[in-house]
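FYI, side chains are in, hydrogens and waters are out, and symmetry mates aren't considered; it's all heavy atoms of this structure.
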Amino acid sequence: MHQPPTIEVDGDAIREERMQAGLEISELAERAGISRRYLSHLENGTRTRMRPRRYVALRTALNTTDECLRLAPPRTTTHLKE
């Protein structure tokens, strides 16, 4: 079964951007067209992935960039042989 593409987001970054914008969680949810509960789950890390359309709406409502909201990919370490 095919899964739709999702975007991994950083809940702490979403909360920080919202607070810097001076928005209550309900205000941002309304502006982004998502539920307050869904936004709360994103901010507290219960949910970490969003569908592209909702993600773009949230990013637009916050007037921010992908670099600010997306979760950074995990660093891979390489072991050098001596």
### Task
Report the C-alpha separation of I14 and V9 in whole Å, then their side-chain angles, then the decisive distance to 0.1 Å, and conclude whether the side-chain contact (heavy atoms from CB on, under 4.5 Å) test is met.
CA-CA 8 Å; I14 293 170; V9 296; 3.8 Å; yes
Nearest 0.5 Å, please: how far is [atom2] in [Y] from [atom1] in [X]?
X: I25; Y: M19; atom1: CD1; atom2: CE; answer: 10.5 Å
X: L39; Y: M50; atom1: CG; atom2: CE; answer: 8.0 Å
X: E17; Y: D12; atom1: CD; atom2: CG; answer: 12.0 Å
X: S26; Y: R31; atom1: OG; atom2: CZ; answer: 10.5 Å
X: L42; Y: R47; atom1: CG; atom2: CZ; answer: 7.0 Å
X: E16; Y: L69; atom1: CD; atom2: CG; answer: 11.5 Å

### Message
Donor-acceptor pair, distance only, cut-off 3.5 Å: does the side chain of R36 make one with the backbone of A29?
### Response
no
### Message
Tell me if a side-chain donor or acceptor on R18 pairs with a main-chain N or O of L23 at a distance below 3.5 Å.
### Response
yes
#### Entry: Enclosure of E8 CD (heavy-atom neighbours >12, cutoff 6.0 Å)
yes
### Message
Is it the case that over 12 heavy atoms from other parts of the model lie below 6.0 angstrom from the CZ atom of R49?
### Response
yes
## Note on the structure
P5 and P52 have their tightest heavy-atom pair at O-CD, 3.2 Å
### Task
Heavy atoms only: give me the nearest C68-A13 pair and the separation to one decimal.
O-CB, 3.0 Å
#### Entry: Matching residue for Y55 among T6, D66, T60 - test: side-chain hydrogen bond (donor to acceptor under 3.5 Å, both in side chains)
D66
### Message
As a quick check of understanding, evaluate side-chain contact (heavy atoms from CB on, under 4.5 Å) for L58 and L28, giving each step before the final call.
### Response
CA-CA 8 Å; L58 178 63; L28 177 57; 3.8 Å; yes
### Query
Mind checking whether V56 and I7 sit in one hydrophobic cluster, side chains of I, L, V, M, F, W, Y counted as touching below 4.5 Å?
yes
